[in-house]
Amino acid sequence: MPELAEVEYYRKQWDPGIGGEVGRVRLHPAARIFRDCDTKLLERALTGAVLEQSLAHGKQMLFGFSGGAWLGVHLGMTGKLFCEPRPYAPGKHDHLVLELPEHVLVFYDARLFGRVRFDQGPELPEWWQALPPDLLSDAFTQEALQQFLKRRARSPLKAVLLMQERFPGIGNWMADEILWRAALHPSTRAGQLSAREVGKLYATIREVCADAMQVIGTDWGEPPPSWLFTHRWEDGGTCPKTGQPLVRETIGGRTTCYSPARQKLKG
DNA sequence: CCCCATGTTCGACA
DNA sequence: GTGTCGAACATGGG
C-alpha cells in the first residue's frame, strides 16, 4: 500500500508518542521484518528511551530516540503504523509494539515484506544519509533525470520510475499516474524520450508528488476523480481525460493501468 | 480453489 | 561488468 504520501501519513501516526518514554518493547524476534535487525539490542536500547522526532524520505521512515537510538521502518507492501491508547492487546500481525505512558505505538504488517532497522550514534545513520535526493527538493534536477533515463535506456519507463535509487517514494500507482498525466506510454523505452518529453516527465513527477503529499500525506484524503488513481482498479474504467477505456497489463513486471487513447507507443 | 495485491531482492541470462 | 526479467518472499481478500 504505502508510497511516498502514504508513508508520510503513517509517519505522523506515531506523533502522539513524541516526548513519551518507552516503558516496554514487545516484538516477535523471528518475524521477517527483523531480518536485518539485532532485536536484543533494539529492545535494550529503546527501553527507557524517549521518542524525540520522526522523519520520512521516500518509502523510508526514521524515528529518533534519546541517547542516539534510531529506529528505521520500511512498510513493504502491507505495513502500517498506528497509535492506540493504553491498554492495548497486540494482534497477530502487530510485530513491534512500543508501550509509552499513555499510548502504544504499533507496527503492523500482515505480509512481512516490511523491514525494521536499528542504529545507534549521535548522527543520522549512514544508510539514511545515503538516500537519494527527495523528488520535491532542488537536488532532484532535470539533468539527473535525463542522466538516469540514458543509463536505463532499454528499460520501459514504468520499470524505471519504480527504481528507488533515483525516484524514492514512487510506487505502482504513482508511476501510472505520472505516465498518464505526461501522456507517455508505460512501455516506452527510457532512452527514446525527446528533450521536450524529458522536461514534461520531470515536471509531472514533481506535480504528482506534490499533489499526493497534499491530498494523501496530510490526512489521507480521497483523490479527486480527475486523477487516474480513482479509476485504475475499476472494471471497465474510463480515462477522465479522453473518455476512452483504460486498460491493465503487466509492464515492467507490475500491473499497469493506462489510457491507450492518450498514451501512444512510438515507432 | 484460483488469482491478485500501492515492494524489494536475488539469481539466471543476454 | 552491465542491464533486464521473473521468481520468491508470506498472507489475506475477492
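Here is how names work: the chains are called A, B, and so on, in the same order as the sequence lines, proteins then strands, and each is numbered from 1.
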Q. Hey, is A:Phe113 doing a stacking thing with B:dT8, by the 5.5 Å centroid and 30° angle criteria?
A.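 Taking the rule of under 5.5 Å and under 30°, the ring of A:Phe113 does not stack on B:dT8.
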
Rounding to a whole Å, what distance do you find between [X]:[atom1] and [N]:[atom2]?
X	N	atom1	atom2	value
A:Trp173	B:dG7	CH2	C1'	16 Å
A:Arg232	B:dC4	CZ	P	15 Å
A:Arg32	B:dC10	CZ	C1'	11 Å
A:Arg154	C:dG3	CZ	C1'	6 Å
A:Asp235	B:dC3	CG	P	17 Å
A:Arg111	B:dT6	CZ	C1'	11 Å
A:Asn172	B:dT8	CG	P	11 Å
A:His95	C:dA10	NE2	C1'	10 Å

(Q) Are more than 12 heavy atoms, taken from residues, nucleotides or ligands other than A:Glu126, located less than 6.0 Å from that residue's CD atom? (A)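 No - once you tally the heavy atoms of other residues, nucleotides and ligands closer than 6.0 Å, there are 12 at most.
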
Q. With A:Asp176, which of A:Arg254, A:Arg232, A:Arg248 fulfils salt bridge (Lys or Arg N to Asp or Glu O under 4.0 Å)?
A.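 So the option named by the test is A:Arg232.
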
Please work out if [X] contacts a base, only the sugar-phosphate, or nothing of the nucleic acid, heavy-atom cut-off 4.0 Å.
X	answer
A:Glu6	base
A:Lys92	sugar-phosphate
A:Gly76	sugar-phosphate
A:Thr255	sugar-phosphate

Distance below 4.0 Å between [X] side-chain N/O and [N] OP1 or OP2:
X	N	answer
A:Arg152	C:dG3	no
A:His93	C:dG12	yes
A:Arg115	B:dT8	no
A:Gln164	B:dT8	yes

Q) How far does the C1' atom of B:dT8 sit from the matching atom of C:dG13, given to the nearest Å? A)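 22 Å, rounded to whole Å.
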
Q: Taking atom types as modelled, find out whether A:Ser54 and A:Arg11 have a side-chain donor-acceptor pair closer than 3.5 angstrom.
A: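 A pair is found: one side chain offers a donor N or O, the other an acceptor, under 3.5 Å apart.
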
Q. Can you tell me if A:Glu123 and A:Trp70 form a side-chain donor-acceptor pair at under 3.5 Å?
A.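 No, no side-chain donor-acceptor contact under 3.5 Å.
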
Q: Name the closest nucleotide to the A:Ser155 side chain, picking from C:dT11, B:dT6, C:dG3.
A: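 So the nucleotide nearest the side chain must be C:dG3.
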
Q | Proximal nucleotide (of B:dT6, C:dC5, C:dG3) relative to the A:Phe229 side chain | A |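 Looking only at heavy atoms from C-beta outward on A:Phe229, the closest nucleotide is B:dT6.
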
Q: Sort out the partner of C:dG14 for me: Watson-Crick or G-U wobble, both distances under 3.5 Å, none otherwise.
A: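 The answer is B:dC2, by the H-bond criterion.
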
Q: Would you please classify the geometry between the A:Tyr88 ring and the A:Phe82 ring as parallel, tilted or perpendicular, with 30° and 60° separating the classes?
A: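 Ring orientation, 0 to 90° scale: perpendicular.
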
Q. Which heavy atom of A:Val116 sits nearest a heavy atom of A:Phe107, and at what distance?
A.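 Minimum heavy-atom separation between A:Val116 and A:Phe107: CG2-CE2, 3.5 Å.
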
